[in-house]
4 protein chains.
Amino acid sequence: MGEGVQKAGRRPRADSLRNREKLLLAARDVFSAGGPEASLEAVARRAGVGIGTLYRHFPTREALFQAVYLRDVDQLVALAQQAADGRDPVEALRQWLHACVGMVATKKGMLTALAPSVQGSDPLFADTSRRLRAAVGSLMERAVAAGRIRSDLTPEDLMRAMIGMCYTREQPGWQTTVVLLLDVFVDGLRLPPDPAA
Amino acid sequence: MGEGVQKAGRRPRADSLRNREKLLLAARDVFSAGGPEASLEAVARRAGVGIGTLYRHFPTREALFQAVYLRDVDQLVALAQQAADGRDPVEALRQWLHACVGMVATKKGMLTALAPSVQGSDPLFADTSRRLRAAVGSLMERAVAAGRIRSDLTPEDLMRAMIGMCYTREQPGWQTTVVLLLDVFVDGLRLPPDPAA
Amino acid sequence: MGEGVQKAGRRPRADSLRNREKLLLAARDVFSAGGPEASLEAVARRAGVGIGTLYRHFPTREALFQAVYLRDVDQLVALAQQAADGRDPVEALRQWLHACVGMVATKKGMLTALAPSVQGSDPLFADTSRRLRAAVGSLMERAVAAGRIRSDLTPEDLMRAMIGMCYTREQPGWQTTVVLLLDVFVDGLRLPPDPAA
Amino acid sequence: MGEGVQKAGRRPRADSLRNREKLLLAARDVFSAGGPEASLEAVARRAGVGIGTLYRHFPTREALFQAVYLRDVDQLVALAQQAADGRDPVEALRQWLHACVGMVATKKGMLTALAPSVQGSDPLFADTSRRLRAAVGSLMERAVAAGRIRSDLTPEDLMRAMIGMCYTREQPGWQTTVVLLLDVFVDGLRLPPDPAA
DNA sequence: GATGAATGAGTCTTCATTCAT
DNA sequence: AATGAATGAAGACTCATTCAT
């Protein structure tokens, strides 16, 4: 989906697959360094393939984008699923948010990927978006069910807060700041313990 | 400051002033729509003046930028000063943040202006930045002094949280969401009332 | 001639004369530094007058050019006339050529002025050209009359050789080289002493 | 070398070669007419190709320049080598200088190529420069060894004299003049026959 | 399928030149 | 007369995109 390659029912050529992989790696690097406006030629050059090859695999900039960051989002989802096990549910939420900051720090393109997944309506991101929402949702659900946090925020809301805070990333040491801000935010989500209990 | 025009002591030509104004309006529109990378030619075109005129008035992209958003930031500062009067200090903080959201909603370019004022180190924004920080700082100071909010956040931190949340703006109705998120954040800032009192 | 100012029979305003002078000085500096392609706005800026004023005084680039270098050429002419007195005529020729090199070294624009005066057919330079030719001609004449140099070169030829050698000017120490080359050239002009005498 | 094209081991596309050739021809014409500052767009236009194509083949103005004039300089070198055979060594020198004038006359851009090769320090011209110097040097060497000319001039000096004289080229019939001037110069180089011999 | 050449539209930027004040 | 604002025509350069090989 999104790639221009692969007529149904035909086994992909080995070099084709290899090129696709090289392109994805190159694109991640280039987009990380130069932002999402970076030149496609730079991507092809770094991948060591012709620009035509890039276009064959990813007919639009968006298609490339999507493919590049799909796996990153998958990691976030996995992380949310792990965090949902055991532990205090509010703490799990906080830990997961911290982990998100860590990933944004490592993979500079991550934010670029998250924003459309959370906010956009582009059908290309629909699936990614749905999976992410589900994972975050179940994380929140536990805390809500335990009466520990307010129940009027959606998973998107939480994601947006997290993403927004991360836009701060530039100064050295930004991670510390963002973690602090997120902690404040999580504190704001808490409900007082039920005095009846 | 920043404009290449106006040797001291000479009355500006009428059309010059008119053009400057047209350029500022056009620039606000264009930057709002296309982001800060938007083409300067597009600005000139929309202003209905020659590209040379744009360059005469604003020799660099940054100079134009700065001029466009200076007044907007001034309004935020004024708003903060007003909010500092009377009322409950935490409430004042919350109200000011709400007002910020309102301004971001009205002037789509506002965010573009705030980000460099808060994060950047460009000397052009140094003054703007300082004024903003002072205004927000005194707003927070009152709440801290009253023992109502935590004292370990800087004015920049608060601004960053606000700005970050606003990056969310795209979907219809985003303002409601952002206001909600900011309220959560302010709740997170609160300290429990001093039991000794 | 060449200037657009001065309707006949009207005394020039004092500031007009002052501006003209400032422009000439500025033009010399700017053309020296930036070559003959230098921007007229730079000239006006350095002169501290408006670009419009420059145009009023010198309606074309060439007119400015001509005015700037007129006096320089005059100096060369004067030099040639002095050199024609006394001394050995071949030596006088050589000395004058050396002096030319010195002037080219001092006034970087000099070459730019000489070339059109010697080669061009622009009527603006006709007079300059004539005066120069006359001066150099009489210098050569003496040596020819004394049977000391060949008689088949014109004053233009000599000037061209000198100018050509000077085009070399770039490297540090070029003057030494050019003087050497001119000495060789003068040696080539010599006739053997008349054995009959 | 200097071109941005041709990864090793791939046969160049036919139209690519054709375009390269068209560009070289166009560039020679345009630089001849308009000097080395001439517009690259004019070159592309005259070659009948897009400006992008020009940039692909020659990523910098200098690269184009170099490519255009490389072959011309090669011819001069070959000529010098031929002239070094047989004949009277002073006469060989003179003949070669005459040939240079002829080439300058034919290929108006030649001077533009020679100047940086002789005077410049641009690494692009280093090789060209070296080859030319060697060729001229061995031509002079023979005459010096035979005690026929002064030994205190470098090959560069000779080249500069030749180039300088040619800057004269404008008027009709300039070749005759330049040949005359060069003959005078060569005469100036001569030493008197050794009376001891 | 892969390659990279060709193309031209679009940007930025500088200036000569004209004209309103 | 002087000024400098306005204008737009170049020119350099970059890239997205298409296509010949």
Side-chain angles (χ1 to χ4, degrees), chain A residues 4-7 10 12-16 18-20 37-42 44-45 48-57 59-61, chain B residues 4-7 10-20 37-42 44 48-57 59-61, chain C residues 4-7 10 12-20 37-42 44-45 48-57 59-61, chain D residues 4-7 10-20 37-44 48-57 59-61:
Chain A
V5 138
Q6 278 310 307
K7 290 255 177 11
R10 180 175 286 281
R13 258 165 57 170
D15 59 343
S16 176
R18 229 175 2 245
N19 279 339
R20 186 169 198 283
E37 319 281 79
S39 117
L40 295 184
E41 302 216 326
R45 206 156 42 235
V49 308
I51 180 70
T53 304
L54 183 154
Y55 269 87
R56 168 166 286 271
H57 283 281
T60 68
R61 177 184 288 269
Chain B
V5 140
Q6 277 311 308
K7 285 250 182 12
R10 178 169 291 278
R11 188 156 55 75
R13 250 164 65 171
D15 57 344
S16 176
L17 284 181
R18 217 166 21 227
N19 279 339
R20 185 167 199 284
E37 319 280 81
S39 126
L40 295 184
E41 303 217 323
V49 307
I51 180 68
T53 302
L54 184 154
Y55 271 89
R56 167 170 286 272
H57 283 279
T60 67
R61 175 182 291 271
Chain C
V5 137
Q6 278 309 308
K7 291 256 181 5
R10 179 174 286 283
R13 259 165 55 173
D15 59 343
S16 175
L17 284 181
R18 226 170 11 239
N19 280 340
R20 185 167 199 283
E37 320 280 81
S39 116
L40 296 185
E41 302 217 327
R45 206 156 42 234
V49 307
I51 180 70
T53 304
L54 184 155
Y55 269 86
R56 167 167 286 272
H57 283 280
T60 68
R61 177 184 287 270
Chain D
V5 140
Q6 277 310 306
K7 283 252 179 18
R10 180 170 289 278
R11 188 156 55 73
R13 251 165 64 173
D15 57 344
S16 175
L17 284 181
R18 213 160 26 211
N19 280 338
R20 186 169 199 283
E37 318 281 79
S39 126
L40 295 185
E41 304 217 322
V43 172
V49 306
I51 181 67
T53 303
L54 183 153
Y55 272 90
R56 168 170 286 271
H57 283 280
T60 67
R61 176 183 290 271

>> Less than 4.0 angstrom between a side-chain N/O of A:S16 and OP1 or OP2 of E:dG1, yes or no?
In response: no
> Which heavy atom in A:R61 sits nearest to a heavy atom in A:A38, and how many Å separate them?
Replying inline: NH1-O, 3.0 Å
> Given F:dG4, is OP1 or OP2 found less than 4.0 Å from the side-chain N or O atoms of C:T53?
Replying inline: no
>> I need the minimum non-hydrogen distance between A:A44 and A:L54, along with the two atoms involved.
In response: N-CD1, 3.9 Å
>> What is the distance, to the nearest angstrom, from the CD1 atom on D:I51 to the C1' atom on F:dT14?
In response: 11 Å
> Could you give the OH-to-P distance, from B:Y55 to E:dT13, as a whole number of Å?
Replying inline: 4 Å
> Rounding to a whole Å, what distance do you find between D:R18:CZ and F:dT21:C1'?
Replying inline: 12 Å
> Between D:L17 (CG) and F:dT21 (C1'), how many Å, whole number?
Replying inline: 13 Å
> For the pair made of CD in B:E37 and P in E:dG10, what is the distance, rounded to whole Å?
Replying inline: 18 Å
> Taking the side chain of D:E41 as its heavy atoms from C-beta onward, which of F:dG11, E:dC15, F:dA16 lies nearest to it?
Replying inline: F:dG11
>> Without decimals, in angstroms, what is the distance between A:L40 CG and F:dT14 P?
In response: 16 Å
>> Side-chain N or O of A:N19 versus OP1/OP2 of E:dG1: is the shortest distance under 4.0 Å?
In response: no
> Counting only Watson-Crick or G-U wobble pairs whose two distances fall under 3.5 Å, which nucleotide matches F:dA12?
Replying inline: E:dT11
> Do the side chains of A:R56 and A:T53 get nearer than 4.5 Å, heavy atoms only?
Replying inline: no
> Which nucleotide, in any strand shown, forms a Watson-Crick or G-U wobble pair with F:dT21, with both distances under 3.5 Å?
Replying inline: E:dA2
> OP1, OP2 of F:dA1 versus side-chain N and O of C:H57: anything below 4.0 Å?
Replying inline: no
>> Minimum heavy-atom separation for B:V49 and B:N19, please, with both atom names.
In response: CG1-OD1, 3.3 Å
>> Just the rounded figure in Å: distance from P of F:dA1 to CZ of C:R56.
In response: 6 Å
>> If I take atom CZ from residue D:R18 and atom CG from residue D:D15, how far apart are they, to the nearest 0.5 angstrom?
In response: 5.5 Å
>> If you assign each of A:R45 and A:G52 to its closest nucleotide in DNA chain F, which residue comes earlier from the 5' end?
In response: A:R45
> Quick one: B:L54 CG to E:dC12 P, roughly how many Å, whole number?
Replying inline: 9 Å
>> Judged by each residue's nearest nucleotide on DNA chain E, which is more toward the 5′ side, B:D15 or A:V49?
In response: A:V49
